[in-house]
Engineer: 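Attaching a single structure in structure tokens format; questions to follow.
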Amino acid sequence: MAYTPELSLSHSRALRRVAWALGVPMTQAMTLVFDYLADVVDKEKVCAACRDRTRCQECVFRQSGGGI
């Protein structure tokens with residue numbers, strides 16, 4: 001991974017509590033949160049704003065047609 005963003009203290013605390021609630025380590029909780037977001041976020045909006053069209057076939061936000 002080229003870039004690893006840092007979490008703010010409050011977001012780190014929130015992630016820790018989500019991890020506790022799920023009974024998993026924070027790293028797994030973060031993965032589960034992103035998997036959930038891929039299900040609930042407007043995929044069309046994400047695809048329209050995307051700046052990297054090289055990985056559409058692998059993208060969790062992929063539209064049924066493979067991107068916009």
Side-chain angles (χ1 to χ4, degrees):
M1 177 190 287
Y3 172 69
T4 306
E6 292 186 30
L7 295 173
S8 68
L9 184 57
S10 64
H11 288 112
S12 179
R13 287 176 181 155
L15 181 61
R16 184 178 305 116
R17 283 157 177 76
V18 169
W20 289 338
L22 297 174
V24 298
M26 287 175 64
T27 52
Q28 288 180 15
M30 190 177 328
T31 298
L32 293 170
V33 167
F34 278 106
D35 289 344
Y36 174 74
L37 284 175
D39 290 337
V40 298
V41 170
D42 183 344
K43 292 176 182 351
E44 187 174 322
K45 190 172 190 173
V46 172
C47 288
C50 184
R51 297 180 187 179
D52 180 6
R53 307 287 179 165
T54 64
R55 304 273 188 217
C56 292
Q57 293 303 317
E58 306 162 23
C59 183
V60 297
F61 296 105
R62 181 171 55 104
Q63 303 289 303
S64 59
I68 292 178

Engineer: Please report the closest heavy-atom contact between A48 and R53, naming both atoms and the distance.
Structural biologist: O-NH2, 3.8 Å
Engineer: Strictly by side chain to side chain donor-acceptor pair (under 3.5 Å), give each pair with a member in residues 15-42 just once, sequence neighbours left out.
Structural biologist: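 Qualifying pairs: none.
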Engineer: Should we count CD of E6 as having more than 12 external heavy atoms under 6.0 Å?
Structural biologist: no
Engineer: Measure the spacing between OG of S10 and CG of L15 and express it to the nearest 0.5 Å.
Structural biologist: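 S10 atom OG to L15 atom CG measures 11.5 Å (nearest 0.5 Å).
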Engineer: Please check if M30 and L9 belong to a single hydrophobic cluster, counting links between Ile, Leu, Val, Met, Phe, Trp and Tyr side chain heavy atoms closer than 4.5 Å.
Structural biologist: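 Each belongs to a different hydrophobic cluster.
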Engineer: Provide the closest heavy-atom pair for A38 versus F61 in the form atom of the first, atom of the second, distance.
Structural biologist: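 So the minimum-distance heavy-atom pair works out to CA-CE2, 3.7 Å.
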Engineer: How long is the gap from CZ on R55 to SG on C50, to the nearest 0.5 Å?
Structural biologist: 11.5 Å
Engineer: With a 4.5 Å heavy-atom cut-off, do R13 and S8 have their side chains touching?
Structural biologist: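 Contact flag for R13/S8 side chains = no.
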Engineer: Could I get the full list of side-chain contact (heavy atoms from CB on, under 4.5 Å) partners for L32, not counting sequence neighbours?
Structural biologist: L22, V24
Engineer: From C47 SG over to R62 CZ, what is the distance, rounded to the nearest 0.5 angstrom?
Structural biologist: 10.0 Å
Engineer: Locate the shortest heavy-atom distance separating A29 from V18; write the atom from each residue and the value.
Structural biologist: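 For A29 and V18, the tightest heavy-atom pair comes out as CB-CG1, 4.4 Å.
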